[in-house]
Amino acid sequence: MNRATVTEQIVETKIQKGMKWADVADELDASKEWVTTACLGQMTLSADQAQKIADIFDLPRAAVAILQTPPTRGLSEPAMASDPLIHRLREIVTVYGPTIKELIHEEFGDGIMSAIDFRLTLNRREDPRGDRVELVLSGKYLPYPGA
């Protein structure tokens with residue numbers, strides 16, 4: 001058993017039980033965005049969180065330890081790289097990344113937005129022209145040393 005197998009079992013069980021990530025997040029008293037990321041194998045869970053996930057998704061005992069180990073982060077499957085939604089997100093960063101960088105430097109100075117001290121919020125916004133996906137990325141500003 002490895003992290004990919006655990007992730008696969010979580011997703012399969014979620015589908016079979018007709019669960020929503022928000023419901024799982026409520027059980028862990030955490031955001032749906034963080035819990036989804038963790039269940040998809042991109043975050044390390046505490047012992048208590050790992051046990052709750054194992055209980056929710058009927059995972060074997062070995063999965064609890066795996067969920068507590070630091071993952072290899074990033075896209076793990078070549079198929080994910082060609083997924084249209086992920087491709088659009090990459091396109092957004094490609095097009096708007098230089099603008100975001102320029103405006104962060106103008107507002108804060110020479111530094112970066114943390115991806116470790118980071119929050120993601122996803123909301124659905126009704127719009128007469130078609131519902132909107134609202135993504136809020138919130139990362140701590142970290143100045144470069146000497147900046």
Side-chain angles (χ1 to χ4, degrees), residues 1-14 19-57 59-127 130-147:
M1 173 166 277
N2 59 38
R3 188 172 290 274
T5 304
V6 171
T7 298
E8 187 175 289
Q9 289 179 356
I10 288 171
V11 172
E12 286 175 3
T13 303
K14 178 188 172 291
M19 302 168 76
K20 291 195 169 273
W21 291 119
D23 297 330
V24 178
D26 287 345
E27 292 290 324
L28 269 69
D29 194 28
S31 76
K32 71 180 182 292
E33 295 84 2
W34 188 88
V35 169
T36 305
T37 304
C39 287
L40 294 179
Q42 297 295 304
M43 294 290 177
T44 306
L45 282 80
S46 70
D48 183 54
Q49 291 168 328
Q51 187 60 59
K52 284 181 183 178
I53 291 296
D55 293 342
I56 291 167
F57 293 103
L59 299 173
R61 175 180 235 151
V64 175
I66 291 170
L67 291 167
Q68 295 176 72
T69 60
T72 300
R73 292 180 172 90
L75 298 176
S76 57
E77 297 180 35
M80 291 293 288
S82 63
D83 179 87
L85 194 140
I86 292 173
H87 180 74
R88 292 286 93 70
L89 291 170
R90 286 184 173 154
E91 182 180 32
I92 289 166
V93 172
T94 299
V95 172
Y96 291 99
T99 299
I100 294 167
K101 178 184 184 325
E102 182 69 21
L103 294 173
I104 287 172
H105 288 174
E106 185 174 277
E107 182 71 26
F108 294 92
D110 188 13
I112 62 169
M113 180 177 76
S114 175
I116 296 170
D117 189 346
F118 181 83
R119 291 183 195 100
L120 164 67
T121 306
L122 182 141
N123 295 302
R124 181 182 189 147
R125 296 285 180 231
E126 291 185 19
D127 187 290
D131 288 357
R132 313 275 304 173
V133 176
E134 179 183 79
L135 295 175
V136 178
L137 311 175
S138 175
K140 179 180 177 183
Y141 172 74
L142 301 171
Y144 282 115

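Predicted model only: the values in this text are computed from it and were never measured. Values reported hereafter were calculated over all heavy atoms of this structure, with side chains retained and with hydrogens, waters and symmetry mates removed.
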Parallel, tilted or perpendicular, as decided by the 30° and 60° cut-offs, for the rings of Tyr141 and Phe108: parallel
Interatomic distance, Lys140 atom NZ to Ile112 atom CD1 [nearest 0.5 angstrom]: 11.0 Å
Minimum heavy-atom distance between Ile53 and Cys39, given as atom pair plus value: CD1-SG, 3.6 Å
Any Ser31 side-chain heavy atom under 4.5 Å of Arg119 side chain: no
Minimum heavy-atom distance Trp34-Thr44, with the two atoms named: CZ2-O, 3.8 Å
Side chain to side chain contact (heavy atoms under 4.5 Å, CB included) assessment of Leu135 paired with Leu89: CA-CA 11 Å; Leu135 295 175; Leu89 291 170; 3.8 Å; yes
Nearest heavy atoms of Pro60 and Gln9, plus distance in Å: CD-OE1, 3.5 Å
CD/Glu91: more than 12 non-hydrogen atoms of other groups inside 6.0 Å: yes
Distance (rounded to the nearest 0.5 Å) between Leu40 CG and Glu8 CD: 12.5 Å
Closest approach of Ala63 to Met1 (non-hydrogen atoms, all atoms of both residues): N-SD, 3.8 Å
Crowding at CD, Glu126 (>12 non-hydrogen neighbours, <6.0 Å): no
Nearest non-hydrogen partners of Ile116 and Ser114, listed with the distance: N-OG, 3.0 Å
Approximate separation, where rounding is to 0.5 Å, of Asn123 CG and Asp131 CG: 12.0 Å
Non-hydrogen side-chain atoms of Glu12 and Phe57 separated by less than 4.5 Å: no
Expected output: side-chain Gln68 to main-chain Val64 donor-acceptor under 3.5 Å: yes
Rounded distance [0.5 Å steps], CD in Glu27 versus CE in Met19: 7.5 Å
Pair Leu120-Leu137, side chain to side chain contact (heavy atoms under 4.5 Å, CB included): steps then yes or no: CA-CA 5 Å; Leu120 164 67; Leu137 311 175; 3.6 Å; yes
Check: Lys32 side chain, Lys20 main-chain N or O, donor-acceptor pair, under 3.5 Å: no
Value rounded to 0.5 Å, distance of CZ in Phe118 from CD in Glu33: 10.0 Å
Ile66 vs Thr5 side-chain heavy atoms within contact, under 4.5 Å: no
Arg88 atom CZ, over 12 foreign heavy atoms within 6.0 Å: yes
Sole residue of Val24, Asp23, Asp29, Leu45 in side chain to side chain contact (heavy atoms under 4.5 Å, CB included) with Val35: Val24
Separation of Arg61 CZ from Gln51 CD (nearest 0.5 Å): 8.0 Å
